[in-house]
There are 2 protein chains.
Amino acid sequence: MPLLTTAKAAEEAGVGRETLRFYEREGLIEKPIRGNSGYRQYPPETIARVRFIRRAKELGFTLNEIKDLLDLSDPPNAECAQFRAHAKSKIEDIRSKIGKLRKVERALSSLVDTCERSGTPRKCPILDALED
Amino acid sequence: MPLLTTAKAAEEAGVGRETLRFYEREGLIEKPIRGNSGYRQYPPETIARVRFIRRAKELGFTLNEIKDLLDLSDPPNAECAQFRAHAKSKIEDIRSKIGKLRKVERALSSLVDTCERSGTPRKCPILDALED
DNA sequence: CTTGACCTTGTAGTATACTACAGGGTGTAG
DNA sequence: CTACACCCTGTAGTATACTACAAGGTCAAG
């Protein structure tokens, strides 16, 4: 059974029913086909897409950024060179984000270390983590 | 000259004047001392803190999460064991975030690779990047 | 063939994080 | 001592991302 009703699709994707409608309005997912009654019928691809959106949001991407990311794979990617440039800049953004997160992680680890050695830190390593 | 007026502090920190007032209201930064005229006078530590807030926000942390992160270093961290547990759970969160970002990065890289080899991808690797 | 769980639409409300006034005081340069 | 740029407060508006109705239609069970 590939097609799901709103309630089931929402549950499968891990979001609220209204969120699906909201994503539809915002163009983040395709408009689902409708049955005779006008009820929405969601295909599994849309569920996968919504799951991705949910997780990407947890990673701190905005809906616009997520749309961008998703558009990199499905649309008429006419110009390969243009696509590559776009994708590569996204990759750079993500790498820089990873690098900064690692710095915060290291700062927190150093706080835990200091604490385990019963020393009181002189200066906060967290603030320094994201300096230029 | 350690103390800065609102406009200068905002410029130094890379935010708007009103944002400093907002962060003050929300308890994200200390209330600055005031001159005779009632004008705010920001110390450099506050500027550093606001810079951290700005960058952490770019990494996808909410203001509440950032407050939490900052509270891990400056407050009366009475119970070391409790502090360690809290910090370690934050570290785990960040590590998991880094792992997921790496998956998205790899998915994008594979899209670029496919494109460079002039092949059209059968299935979108981005959607799969954040599956369970 | 009624009941109740589901669906539809449009619209309004919430939380987060600012951002922009209005109305008034301050401080310094010429 | 008058501009004018800056500061103050309180309040209202914006963008993002939902979330919750209200009013009504659909459908499957008993």
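Heavy-atom basis, side chains included; hydrogens, waters and symmetry copies ignored. Each chain gets a letter, A, B and so on, in the order its sequence line appears, and its residues count up from 1. In this text, all values refer to a predicted model and were calculated from it rather than measured experimentally.
Dashed line: the shortest gap from a side-chain N or O of A:Arg40 to OP1 or OP2 of C:dC7 is not under 4.0 Å. An OP1 or OP2 oxygen of D:dT9 is reached within less than 4.0 angstrom by a side-chain nitrogen or oxygen of B:Arg34. For the pair A:Thr6 and C:dT8, the criterion of a side-chain N or O lying under 4.0 Å from OP1 or OP2 is met. Neither OP1 nor OP2 of C:dA17 sits under 4.0 Å from any side-chain N or O of B:Tyr23.
Screening A:Lys31, A:Arg17, A:Arg21 for a side chain to side chain contact (heavy atoms under 4.5 Å, CB included) with A:Arg40, the sole residue that qualifies is A:Arg21. Of the options B:Leu4, B:Val15, B:Leu20, a side chain to side chain contact (heavy atoms under 4.5 Å, CB included) to B:Ile47 is made by B:Leu4 and by none of the others.
Atom CD1 in A:Ile53 sits 11.0 Å away from atom CD in A:Glu26 (nearest 0.5 Å).
Spacing between atom CZ of B:Phe61 and atom C1' of C:dT16 amounts to 17 Å, rounded to whole angstrom units. Rounded to whole angstrom, the span from the NZ atom of A:Lys57 across to the P atom of C:dT16 amounts to 13 Å. Residue A:Leu59 contributes atom CG, which lies 17 Å from atom C1' of D:dA17 at whole-angstrom precision. One can place CZ of A:Arg17 at 10 Å from P of D:dA20, the figure rounded to the nearest angstrom. Distance B:Lys67 NZ to C:dA17 P: 12 Å, rounded to the nearest Å. For the pair B:Phe22 CZ and C:dT19 P, the computed distance is 10 Å after rounding to whole Å. A straight line from CG of A:Leu20 to P of D:dA17 spans 16 Å, rounded to a whole angstrom. Per the geometry, NZ belonging to B:Lys8 stands 10 Å off C1' belonging to D:dC6, to the nearest Å.
Because its NZ or CZ atom is both nearer than 6.0 Å to the ring centre of A:Phe61 and within 45° of the ring axis, A:Lys97 counts as a cation-pi partner of that residue.
Ranking D:dC7, C:dT19, C:dC7 by closeness to the B:Arg25 side chain, first place goes to C:dT19. Residue A:Thr19 has its side chain nearest to D:dC18 when only D:dC8, D:dC18, C:dT8 are considered. Residue B:Asn64 places its side chain closer to C:dT16 than to any other of C:dT19, C:dC18, C:dT16. Among the nucleotides C:dG10, C:dC7, D:dC18, the one closest to any side-chain atom of A:Glu18 is C:dG10.
Using a 4.5 Å cut-off on side-chain heavy atoms (C-beta onward), B:Asp128 and A:Phe52 make no contact.
Side-chain N/O atoms of A:Arg21 and base N/O atoms of C:dG10 include a donor-acceptor pair closer than 3.5 Å.
Nearest heavy atom pair, residue B:Arg54 against residue B:Ala13, reads NH1-O, 2.7 Å. In terms of heavy atoms, A:Lys57 sits closest to A:Ile66 at N-CD1, 3.7 Å.
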Within the 4.0 Å limit for protein heavy atoms, which parts of nucleotides 25-30 of chain D are touched? Write it as a string from 5' to 3', B for base, S for sugar-phosphate only, - for none. BBS---
